[in-house]
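Notes follow once the structure below has been shown.
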Amino acid sequence: MDTILRVRDIKKSFDGTGVLSGVSLDIREGEVVVIIGPSGCGKSTLLRCINGLEQIDSGEIWLRDELISGRKKDMHLIRQRIGMVFQSYDLFPHMNVMDNLLLGPVKALKKPKEEVEAEAVAMLRRVGLEGRGQALPRTLSGGQKQRVALVRAMLMHPELLLLDEITAALDPEMVSEVLNVVIDLAGDGMTMAIVTHEMRFAEAVADRVLFLEQGSVVEQGTPEQFFHDPQTDRAKQFLQSFTYTSKRERS
Ligand SMILES: Nc1ncnc2c1ncn2[C@@H]1O[C@H](COP(=O)(O)OP(=O)(O)OP(=O)(O)O)[C@@H](O)[C@H]1O
Ligand SMILES: [Mg+2]
């Protein structure tokens, strides 16, 4: 399998405070890497460095055989190849769903509108939003908006998709409808780096789990290893924080 992304010893500080202190990571074609770790450990910063929203201080980032870090120009061309979806669905509020979806592929990639439209219709159907193309974003639920955001990213046919806590702002009942779409994409072979606090989803979707703490990769492994036999005390503690002890058990 080809390696899609190579991250080599990247470092990043904000105002003299180290946030990423030498992170390395390879992602192969079709692989799903889930990045987890405590709040503030640098997960979002890592994703933002990968798609050039933040400049790294040192190290290298390669997309296939192209060095993409340290570039000043043409970063928009790289971003067309690396999709990203955030916690907040950044759909244009004054444009309906279909116009939001067509924008990137038609304006930026210059693809024929009819072709993209047909693909968008099929993808909306696939994520359970058949016939919602004319809807304005504000008439959709958070879960529906996030599914539109995923479709919009996929219509660009990215080589790599970065997802940063895409369900963090959603009501619990909408979380699974969005995460099932992601699992579906993974099944189709989409290469992804996913930051999530949803541990059961992480275990279901990951080929590999990366545990980040204070800007370093502390542990990585298969989901089976990581969730059921974590090696480091830090990972054990972190996973413990997702379990609850009942009043009865504690007394
Ligand atoms: N633009 C910025 N300017 C200054 N500091 C920043 C900036 N972006 C992030 N940081 C700091 O870098 C650290 C890592 O932030 P980051 O958002 O990457 O963490 P995270 O792991 O995604 O956390 P969370 O799980 O809460 O989303 C934090 O201490 C944060 O305050
Ligand atoms: Mg974050």
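Atoms within each ligand, like the ligands themselves, are counted from 1 in listed order.
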So that I can tick it off, tell me whether [Y] and [X] are bridged by a salt bridge, with the cut-off set at under 4.0 angstrom between side-chain N and carboxylate O.
X    : Y    : value
E60  : R8   : no
D65  : R6   : no
E117 : K111 : no

Check: [Y] and [X] side chains under 4.5 Å, non-hydrogen atoms:
X    : Y    : value
L239 : S241 : no
K11  : L20  : no
L46  : I10  : yes

### Message
Side chain, backbone, both or neither: which applies to T45 and ligand 1 if a contact is any heavy-atom pair less than 4.0 Å apart?
### Response
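Both backbone and side chain.
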
Of the listed options [options], closest to [atom] (non-hydrogen atoms):
atom                    : options            : value
atom 26 (O) of ligand 1 : A168, C41, S39     : S39
atom 27 (O) of ligand 1 : E165, H197, Q87    : E165
atom 23 (O) of ligand 1 : G18, P38, C49, G40 : G40

### Around the Mg ion (ligand 2), number of protein N/O/S atoms which are nearer than 2.8 Å
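Those protein atoms number 1 in total.
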
### Nearest protein heavy atom under 4.0 Å from atom 19 (O) of ligand 1, yes or no
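There is a protein heavy atom less than 4.0 Å from atom 19 (O) of ligand 1.
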
### Query
Does some non-hydrogen atom of the protein lie less than 4.0 angstrom from atom 4 (C) of ligand 1?
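It does; a protein heavy atom is within 4.0 Å.
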
### Query
Taking it one step at a time, do I36 and F226 satisfy side-chain contact (heavy atoms from CB on, under 4.5 Å)?
CA-CA 11 Å; I36 63 180; F226 182 78; 3.3 Å; yes

### Task
Looking only at distances, please establish whether an N/O atom of ligand 1 is found under 3.5 Å from an N/O atom of K43.
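So ligand 1 has an N or O lying under 3.5 Å from an N or O of K43.
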
### Query
What do you reckon, does G42 have a nitrogen or oxygen under 3.5 Å from a nitrogen or oxygen of ligand 1?
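The answer is yes, given that G42 and ligand 1 share an N or O pair closer than 3.5 Å.
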
### Message
Check whether F14 forms a cation-pi arrangement with K12 (NZ or CZ under 6.0 Å from the six-membered ring centre, at most 45° off the ring normal).
### Response
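Yes; both conditions hold, so K12 lies above the ring face of F14.
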
### Query
Which pairs count as side chain to side chain donor-acceptor pair (under 3.5 Å) when at least one residue sits in residues 181-209, sequence neighbours excluded?
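Residue pairs with at least one partner in residues 181-209: E31-R208, R126-D184, R126-D188, E165-H197, E203-H228, R208-Q220.
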
How far is [atom] from the closest protein heavy atom, and which atom is that?
atom                    : value
atom 6 (C) of ligand 1  : F14 CD1, 3.2 Å
atom 12 (O) of ligand 1 : V19 CG2, 3.2 Å
atom 17 (O) of ligand 1 : S44 CB, 3.6 Å

### Message
Go through it in stages, so that I can follow the logic: the residues are R79 and D74, the test is salt bridge (Lys or Arg N to Asp or Glu O under 4.0 Å), and I'd like the CA-CA distance, side-chain angles, deciding distance and then a yes or no.
### Response
CA-CA 9 Å; R79 259 181 236 131; D74 291 349; over 6 Å; no

### Query
Is the closest heavy-atom distance from R48 to ligand 1 below 4.0 Å?
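No.
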
### Query
Can a donor-acceptor pair be found between the side chains of H157 and E119 at a distance below 3.5 Å?
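Yes, a side-chain donor-acceptor pair sits under 3.5 Å.
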
### Message
Would E219 and K236 count as a salt bridge (Lys or Arg N to Asp or Glu O under 4.0 Å) here? Give the steps.
### Response
CA-CA 11 Å; E219 180 165 343; K236 283 178 199 165; over 6 Å; no

